[in-house]
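Starting from 1, each residue takes its place in the sequence as its number.
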Amino acid sequence: MMLGFLACVWISSILCGHVNGYLTELGDFAFYFPTKGVNDYVNIWGMPSLKQFTLCFWMKSSAGNDGTVLSYAVPGQHNELLFFDHTNINMYIGRQGRPLGISSANDGKWHHICASWRSSDGAWQGYKDGTLTKSGTGFRKGYTIKGGGSLTLGQEQDAVGSRFDSNQAFIGTLSNLNLWSLILPVEKMKDLSKSCKQDWGGDGDVYKWIDFLYGIRGGTRIVMPSPCPR
């Protein structure tokens with residue numbers, strides 16, 4: 001009930017009757033970040049510590065700035081986990097970065113993006129539309145991503161939960177972002193890239209897509225049903 005109420009704050013009363021049907025059962029919605037600025041974002045708290053993860057999402061943008069999809073900050077480290085610059089997506093863990101080989105994600109088309117990492121050997125991978133783009137080992141080997149921080153969609157944090165830069169704002173549409181505390185099999189990532197129907201509602205065990213409804217800020221808009229590929 002609370003989820004439906006929060007969503008209704010941001011959706012017109014005409015649509016509120018459909019919130020539970022569309023959003024809580026299917027997760028069939030997207031977030032649209034309309035302008036270059038520092039006021040439009042989604043922010044939630046309470047992520048656990050991670051020694052490995054997989055992140056997948058759908059995105060569509062034609063903006064030419066260094067757009068930030070996801071920024072996770074903890075006290076003393078504002079780049080604890082960061083996916084930055086949709087012209088050439090880079091993944092940062094504990095302030096150190098790797099280019100994922102994912103270029104031109106801002107070509108105005110929908111793309112399915114995945115990335116994974118594990119601490120035990122520092123193995124990491126990037127995927128675009130179901131295809132491996134780049135991988136390696138030894139990245140942040142032995143590191144633990146600290147829990148309890150601020151996770152933000154659409155802005156890059158230079159302090160925990162704040163100090164955004166308009167040049168780093170995401171401008172466009174995001175849908176079906178899920179975060180797992182495990183490395184997804186390659187076939188699972190390929191299946192997810194075929195249609196966003198594959199992950200409506202989300203099955204991320206750290207965060208699933210509908211969890212982000214709690215954190216909408218500024219002019220971020222809910223679009224439903226989601227316009228991502230079916």
Side-chain angles (χ1 to χ4, degrees), residues 3-37 39-44 54-63 65 67-72 83-87 89 102 104-115 127-130 151-156 168-180 189 191-204 206-230:
L3 182 62
F5 171 78
L6 289 170
C8 285
V9 172
W10 298 96
I11 304 174
S12 71
S13 59
I14 296 175
L15 297 179
C16 280
H18 299 284
V19 166
N20 286 336
Y22 272 117
L23 302 187
T24 62
E25 292 181 14
L26 295 177
D28 189 9
F29 68 95
F31 291 137
Y32 176 58
F33 302 88
T35 59
K36 180 180 178 181
N39 297 316
D40 306 334
Y41 59 98
V42 176
N43 178 248
I44 58 177
T54 303
L55 174 75
C56 291
F57 57 89
W58 287 90
M59 65 164 286
K60 181 180 180 182
S61 177
S62 57
N65 66 315
T68 303
V69 173
L70 180 149
S71 168
Y72 175 66
F83 287 82
F84 174 74
D85 188 2
H86 48 39
T87 66
I89 297 177
I102 300 172
S104 302
N106 62 329
D107 61 1
K109 301 177 183 178
W110 279 102
H111 294 289
H112 187 258
I113 308 298
C114 285
Y127 291 84
K128 179 182 179 184
D129 300 328
L151 191 153
T152 298
L153 306 183
Q155 298 284 348
E156 197 276 313
Q168 299 170 339
F170 181 85
I171 307 167
T173 308
L174 290 178
S175 192
N176 295 73
L177 187 146
N178 288 279
L179 180 64
W180 293 262
M189 286 187 270
D191 285 344
L192 292 175
S193 72
K194 293 175 183 177
S195 164
C196 65
K197 280 187 177 181
Q198 297 288 330
D199 55 358
W200 275 352
D203 56 358
V206 179
Y207 288 117
K208 54 187 179 292
W209 182 229
I210 59 174
D211 292 335
F212 294 96
L213 284 170
Y214 291 98
I216 300 170
R217 302 288 185 270
T220 305
R221 302 173 191 170
I222 293 177
V223 181
M224 63 182 218
S226 175
C228 60
R230 319 217 158 200

Rounded distance (nearest 0.5 Å) linking atom CG of Leu55 with atom OH of Tyr72: 14.0 Å
Proximity of Trp209 and Phe29 rings by center, below 6.0 Å: yes
Non-neighbouring partners of Tyr127 that pass ring pair (Phe, Tyr, Trp, His ring centres under 6.0 Å), sequence neighbours left out: none
His86 and Asn65, any side-chain heavy atoms less than 4.5 Å apart: yes
Gap separating the OH atom of Tyr207 from the CD1 atom of Ile44, nearest 0.5 angstrom: 4.5 Å
Polar side-chain atom of Trp180 near backbone of Asp203 as donor-acceptor pair, under 3.5 Å: yes
Shortest non-hydrogen contact between Phe170 and Met59, atoms and distance: CE1-CE, 3.8 Å
Non-neighbouring partners of Phe84 that pass ring pair (Phe, Tyr, Trp, His ring centres under 6.0 Å), sequence neighbours left out: none
Side chain Asp129, main chain His112, donor-acceptor under 3.5 Å: yes
Heavy-atom closest pair, residues Arg230 and Pro225: NH2-CB, 3.7 Å
Value rounded to 0.5 Å, distance of CD1 in Ile102 from NE2 in His111: 10.5 Å
Whether Asn106 side chain and Ser61 backbone form a donor-acceptor pair below 3.5 Å: no
Rounded distance (nearest 0.5 Å) linking atom CD1 of Ile113 with atom CH2 of Trp58: 9.5 Å
Spacing of Leu177 atom CG and Asp211 atom CG [to the nearest 0.5 Å]: 10.5 Å
Side-chain touch Ile222/Leu213, heavy atoms, less than 4.5 angstrom: yes
Any donor-acceptor N/O pair, Ser226 side chain to Asp28 backbone, under 3.5 Å: no
Distance (rounded to the nearest 0.5 Å) between Asn176 CG and Leu192 CG: 9.0 Å
Donor-acceptor contact below 3.5 Å, side chain Asn43 vs main chain Leu153: no
Partner residues of Asp40 under the side-chain hydrogen bond (donor to acceptor under 3.5 Å, both in side chains) criterion, sequence neighbours left out: Thr35
Test item: Gln155 side-chain N/O and Gly37 main-chain N/O as donor-acceptor pair under 3.5 Å: yes
Flag, side chain of Trp110 to backbone of Pro227, donor-acceptor distance under 3.5 Å: yes
